[in-house]
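Just so you know, ligand 1 is whichever comes first in the structure, and atom 1 is the first atom listed for that ligand.
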Amino acid sequence: MYDIVIKNGLVIDPSQGIKEVMDVAIHDGKIADLRRGINATGARYVIDASGLIVTPGLIDLHVHCCYGIAHIAVNPDLACLAKGSTTVLDAGSTGELNFIGFKKYVIRNAETRIYALINIESQGMIEFSRPNQKWPSLITGRDEMFINIDGTVEEIKRNRDIIIGIKWAHHGIKGVELAREAADRAQCLLMAENHLQPETLKYMRKGDVITHLYHGLRMEQHDGLLDADGNVQPEFFDAVKRGVILDVGHGAASFKWSVARKGIEQGIKPDTISTDLHSGSYNGPAYDLPTVMSKFLHLGLSLEEVINATTAKPAEVIGKKDVLGTLKIGACGDVTILKMEEGKFPLEDTSGEWEVCKQRLRAVKVIKDGRIVF
Ligand SMILES: [Zn+2]
């Protein structure tokens with residue numbers, strides 16, 4: 001009767017407060033049933049998920065996947081979908097001048113469901129990760145700005161089905177100001193990198209996103225979460241109160257074990273866990289979304305918390321919580337089946353510090369829109 005029935009897995013669906021062994025049925029691309037003892041007779045595929053974890057298709061809120069358009073990008077189907085992320089948000093790889101190519105050649109052809117933030121810089125990140133480019137030059141900021149607010153707002157209005165908001169990165173505070181103006185005019189969210197704090201936070205409102213939460217760069221200048229003494233800057237608590245979303249955005253330079261640990265100890269947990277996958281992070285230190293989730297298990301978050309931060313919460317951020325990041329009947333037929341491996345897994349942060357994790361999550365089966373895609 002069903003296309004796919006997944007039997008006997010530990011279903012964790014924070015959108016419904018579910019954590020128990022049950023079955024999931026998928027039909028016509030949608031979640032068709034969710035309970036114990038679903039009759040799988042006549043199903044095209046029956047998957048035995050005994051001993052495995054069954055979650056809504058994972059959502060990675062920060063990747064770079066304009067593959068073939070810019071050097072920075074990864075192939076979304078290989079680097080994201082095959083590793084468990086059925087939906088991704090491209091965080092500003094392209095701007096108002098080159099989003100057109102991203103949409104035509106990548107988003108429309110990918111199996112992965114791709115939403116995008118448009119970079120406030122008109123050319124997006126086309127110069128990033130060119131061969132032999134040194135990473136530090138990216139962090140010191142760009143002097144030149146090529147920003148066209150009218151063009152950016154127009155491009156968003158033309159592509160509301162894909163573009164969720166605006167990304168600010170790599171410019172001074174004037175860039176944040178312009179990004180705020182564009183986001184207000186287009187009535188969309190703003191994602192800003194966690195730099196130039198606490199200045200940047202002043203521009204962030206409810207539903208906006210700060211990414212690279214736990215980077216450890218320029219700590220003596222209070223650039224990010226912590227002050228020079230290792231205390232969370234008070235403005236972050238105010239931001240949490242007014243509903244600003246705090247995102248991991250691991251990447252190649254933006255996740256430091258000690259910063260994450262200090263932040264979490266002082267009550268700053270991530271709302272969303274994301275990889276910032278790009279050509280400089282997918283072969284390590286970020287690898288893939290289940291690996292970044294595993295790092296947060298190691299830091300003491302519960303399995304439900306890390307799954308909430310990669311399903312229900314990012315779905316809410318992009319305004320899709322009724323159809324994505326949930327196993328509610330009628331939602332998109334996206335399911336990720338994870339295996340929890342136990343052992344000793346050395347994992348590095350972006351400053352080259354290694355810690356040995358006792359658990360590592362790995363995607364063993366990925367279903368998107370009711371089709372087994374991996
Ligand atoms: Zn990024």
Quiz item: Name the one of Lys358, Arg360, Arg362 that satisfies salt bridge (charged side-chain N to carboxylate O under 4.0 Å, His left out) with Glu341?
Solution: Arg362
Practice problem: Output the atom name for the N/O/S atom of Asp276 with the smallest distance to the Zn ion (ligand 1). | Solution: OD1
Quiz item: Hey, is there an N, O or S on His64 sitting under 2.8 Å from the Zn ion (ligand 1)?
Solution: yes
Practice problem: Output yes if His62 passes the N/O/S-under-2.8 Å test against the Zn ion (ligand 1); output no otherwise. | Solution: yes
Practice problem: Check whether any side-chain heavy atom of Lys19 lies under 4.5 Å from a side-chain heavy atom of Glu304, and answer yes or no. | Solution: yes
Practice problem: Say whether, by atom type as modelled, one donor and one acceptor occur between the side chain of Ser279 and the main chain of His71 under 3.5 angstrom. | Solution: yes
Quiz item: For the ring pair His250 and His62, is the centre-to-centre distance below 6.0 Å?
Solution: no
